[in-house]
Amino acid sequence: MEVELLEIRDFLSGHHPFDQLPTETLTALTPKLSVRYLRRGREFPPEDGDPGAVYVVRQGANSLFDKRKKLLSKMGEGDLHGMHCIVTDSKVHQGEATEDTLLYALPCDELERLRKEFGEFDAFFEQGEGKRLKTALSRLSSDSLGTSTMMKIPVRDIIERAPVCIEQQRTIREAARKMTDERVSSLLVTHDGNLSGILTDKDFRTRCVAAGVDPERPVSDIMSGNISHIGGDISAFDALMTMTQAGFHHLPVIEEGDIRGMLTISDLIRRESTSAVYLAGQVRRAQHLDEIIEASKKLPELQLCLVQAGGTAQHIGNAVTAVTDALTIRLLQLAEKRLGPPPVPYAWVAGGSQARKEQSSHSDQDNGLIISDDMKPADDDYFEALARYVCDGLNACGYIYCPGNVMAINPEWRQTQSVWAGYFNKWINTPEPMALMLSSVFFDLRVISGEQDLWSGIQRKMLKQTQENGIFLAHLTSNALKYRPPLGFFRDFVLVHDGEHDNTLDLKHNGTVPIIDLARIYALSEGIPNVNTVNRLAHASGTPSLSSEGGASLLDAFEFIGTLRIQHQAAQIRRGQKADNFLPPENLSRLEREHLKDAFRVIHTMQETLASRYQAGRIG
C-alpha cells in the first residue's frame, strides 16, 4: 500500500466512527476517497463538489450556520459532515471554511454499504445525539441492579488485606502468636514461597490442643494440606457456592502462581450485607453516635458494590441517599432523647443532592429547620442544640460542614414557617442574582423528618408564584448559565487547569450541575413539586417549557454523565483514594469520549434555547 494511502487509513482509524471498522475494511476503503482543498472563505461543502459525498475534515476548520446566518458550530480535525448523504433534522443551512481546509470525500454509496455491513458504524449515523446517548448508557450499564452484587464482583476485589503467611517449618506456638498479632482466624502455610497448606482456629483446637501435640512442633504437623484454591477472577457468587458445597470456611486465592490472599465466608457475608437496606437498618438500630459513624464508613463500599453490579447514577443516588436519610433521622432521634421532646413542631429539611436523592459518598451538608410559628424566643436554645448535635454528627459521619454555611446551625436557616415563607417571597418577587445563586439550593428542599405540612404549605405558594414570574425565571436562568459544558468550538474538551486537578474534566460542575439547573427552571416554570432531576425532566417533558425530544435527550445526557462520574469514583474507591468529580479524559475510551461530547452538545443546545426564551443575556 502506498505511503500516502497508508497515512489516510491510519488517520481514519483514529477517528470515530471509522474506528469501528476492521483494518482490512479501512485498507480497501481508502483508495475510494477523494481529496479536496478549500481556501479560507470558500463555501463548505464545496459548491462544485460531489453532492453524493460525506466529508471528513483532515486539517483546517469550517463554520456551520443556520438560515439566519447564526453560528451553530465549528468543525475541526476528524469531524464529519454528511448532510448530502444522510437524512437528518440538522439546522445547518450553509458553511464556510474559516481556515485553509483539507477534506476527504467518501461516496454516499460506499457509506451506505458500510452502514449495512457494520452495526456499530451504522449506529453513529442512524441516531441523533440523544439516541446515541441512550444506546451508550445501555452499554455502560447493561446489567440490572436487581442482580446480586456477588454475581458480578471478582473475589480479588473482596480481599481486604495482603496474605498472612507462615513457613511450614515454623513452630505451632509461633503460628498462634502470629494469628493473635495479626487478628486473623487462619494462616496460609508456605514452603519455599509456594502454598503448601492452611492453618485455622479449628486445626489448633482439634489437632493440637485436643490431641496433646507439643506447641514447639512444626506447623506442618497440624496444618491441612492438599487444599483447594481459586483464581482472583472467579465471581464472589461462584466462590460462595464452592465453599458452601465443600464445607470450606477459608479458601486461598492464587493468581499467576502468586498468593493473593485468603477468602473467608465472613468476607462474603459482609460483602452482601453492604446493601442500602442492611446499612439503613444498622443505622436505625444504633444506640450511640459511634455506631452511626461506624455504619457510615461503609458508604464508599456500598457505592462500589452498586457500580460493580451495573447500577446507574440514579440507582446509586437513591441507595446512598436512603442511608443518609436514615443517618439524619437517627441523629435527630438521639438528639431528642438527649434534649427531651421539642417544644413545638418542626421539620428538618435537606437541600441539594440529598433533597434530590442524587448523593454519592460522601457529600457536604445542606440543611435547615422550619419551625412552627408557635415557637417562642426561648425555644431557639433547644433547636440550636438539636441542630448542633445533628450537624456535628453528620460531619463526623463524613458529610462535611457546608462551605457556604447552609445548615441548621446557622440561625438564618433555622427559622419559623412565616420567616421561611418570607424568604421565598423575596427571592421570587425581588430577585437578585447573588442572593439567588446562594439560595437556589432551597428550591430543592425535601422534608427528612418532622411535620411535612410546615414545608408543603410554603412550597404550594412558592410554585404558584414561580409560574407567573418571568423576571424571576430569567434571573434563575442567568445564574444557571454560569456553568457550561466543557466543550470547545472544535469539539475538543475544555479541561480544568489548576494544580490538583490539572487537565481533567469536572463532571459535576460542568456536567451534571448544568442539567440539574435546567431541570429546576423547567419545574419551577411549570409548578412541578418534584425535586429529583430525573422526575423533574420526566414531568416537564411535553410541556410548553420543554419538548418531549429535549427532555428525553437531557435525561440520557444526565444519566450518561452521572454514570461515568460514579464509575470514576468507584475506581478511586477501589484504589483507596478519596472520590472526586475530576476525570482525566485519557481514562475514557474513544467511543466514550464521543458519547460524552454528544452529552455536552445536548446541554449546550438546551442552555441556548432557554437563554433565548428568557433573554438571560440582558441580566448582569
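Side-chain atoms of V189 and I198, non-hydrogen and from C-beta on, never get closer than 4.5 Å to each other. Counting heavy atoms from C-beta on, the side chains of I515 and L537 come closer than 4.5 Å. Residues D19 and L12 have side chains not in contact (no heavy-atom distance under 4.5 Å, counting atoms from C-beta outward). Between L394 and C391 there is no side-chain heavy-atom pair separated by less than 4.5 Å. In this structure, the side chains of V164 and M262 stay at 4.5 Å or more apart for every pair of heavy atoms. Side-chain contact between I516 and R520: present, with at least one pair of heavy atoms (C-beta onward) separated by less than 4.5 Å. Between F558 and E358, some side-chain heavy-atom pair lies under the 4.5 Å cut-off. Looking at heavy atoms from C-beta onward, R446 lies out of side-chain contact with R356 at the 4.5 angstrom threshold.
Residue E24 qualifies as enclosed at atom CD: its count of foreign heavy atoms under 6.0 Å is above 12. Taking a 6.0 Å sphere around CZ of R575, one finds it holds more than 12 heavy atoms contributed by other residues, nucleotides or ligands.
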>> Show, in sequence, the C-alpha distance, side-chain angles and deciding distance for E301 and K298, and conclude whether the salt bridge (Lys or Arg N to Asp or Glu O under 4.0 Å) test is met.
In response: CA-CA 5 Å; E301 187 177 358; K298 294 182 180 179; over 6 Å; no
> What do the steps show when you test D580 against Q572 for side chain to side chain donor-acceptor pair (under 3.5 Å), and what is the final call?
Replying inline: CA-CA 8 Å; D580 61 33; Q572 291 178 306; 3.0 Å; yes
>> Working note: N581 + R565, criterion side chain to side chain donor-acceptor pair (under 3.5 Å); need CA distance, chi angles, decisive distance, verdict.
In response: CA-CA 6 Å; N581 303 300; R565 177 184 170 214; 2.5 Å; yes
> Where do E167 and R170 land on the salt bridge (Lys or Arg N to Asp or Glu O under 4.0 Å) test, with the steps shown first?
Replying inline: CA-CA 6 Å; E167 283 287 322; R170 295 290 186 179; over 6 Å; no
> Would S224 and R207 satisfy side chain to side chain donor-acceptor pair (under 3.5 Å), going step by step from the backbone distance to the final call?
Replying inline: CA-CA 10 Å; S224 298; R207 297 181 180 179; 3.3 Å; yes
>> Go through it in stages, so that I can follow the logic: the residues are T171 and E174, the test is side chain to side chain donor-acceptor pair (under 3.5 Å), and I'd like the CA-CA distance, side-chain angles, deciding distance and then a yes or no.
In response: CA-CA 5 Å; T171 67; E174 288 177 305; 3.3 Å; yes
>> Go through it in stages, so that I can follow the logic: the residues are K357 and D444, the test is salt bridge (Lys or Arg N to Asp or Glu O under 4.0 Å), and I'd like the CA-CA distance, side-chain angles, deciding distance and then a yes or no.
In response: CA-CA 10 Å; K357 298 185 180 181; D444 295 356; over 6 Å; no
>> For a ring pair (Phe, Tyr, Trp, His ring centres under 6.0 Å) check, start with the C-alpha distance between F11 and F18, then their side-chain angles and the critical distance, and finish with the verdict.
In response: CA-CA 9 Å; F11 171 81; F18 297 97; 8.8 Å; no
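Below 30°, between 30° and 60°, or above 60°: for H501 and F582 the angle between ring planes is below 30°, a parallel geometry.
With respect to Y399, the side chain to side chain donor-acceptor pair (under 3.5 Å) criterion is satisfied by exactly one of T324, T328, N367: T324. Among Q577, Q303, R574, the one residue that satisfies the side chain to side chain donor-acceptor pair (under 3.5 Å) test with Q569 is Q303. Screening L304, I573, V320 against L299 for a side-chain contact (heavy atoms from CB on, under 4.5 Å) leaves a single residue, V320.
For T200 (side chain) and D203 (main-chain N/O), a donor-acceptor pair under 3.5 Å exists by modelled atom type. S363 places a side-chain N or O within donor-acceptor distance of the main-chain N or O of S360, the cut-off being under 3.5 Å. In this structure a side-chain-to-backbone donor-acceptor pair under 3.5 Å is present from Q287 to R285. One N or O on the side chain of N510 and one on the backbone of R484 form a donor-acceptor pair closer than 3.5 Å.
Taking every heavy atom of both residues into account, G511 and I603 meet most closely at O-CD1, 3.5 Å. Closest heavy-atom contact between L26 and S13: CD1-CB, 3.6 Å. Of all heavy-atom pairs between G197 and M223, the closest is CA-SD, 4.0 Å. Between L588 and L564, the shortest heavy-atom distance links the atoms CD2-CD2, 4.0 Å.
Side chain to side chain, N194 and H191 fail the donor-acceptor criterion of an N or O pair below 3.5 Å.
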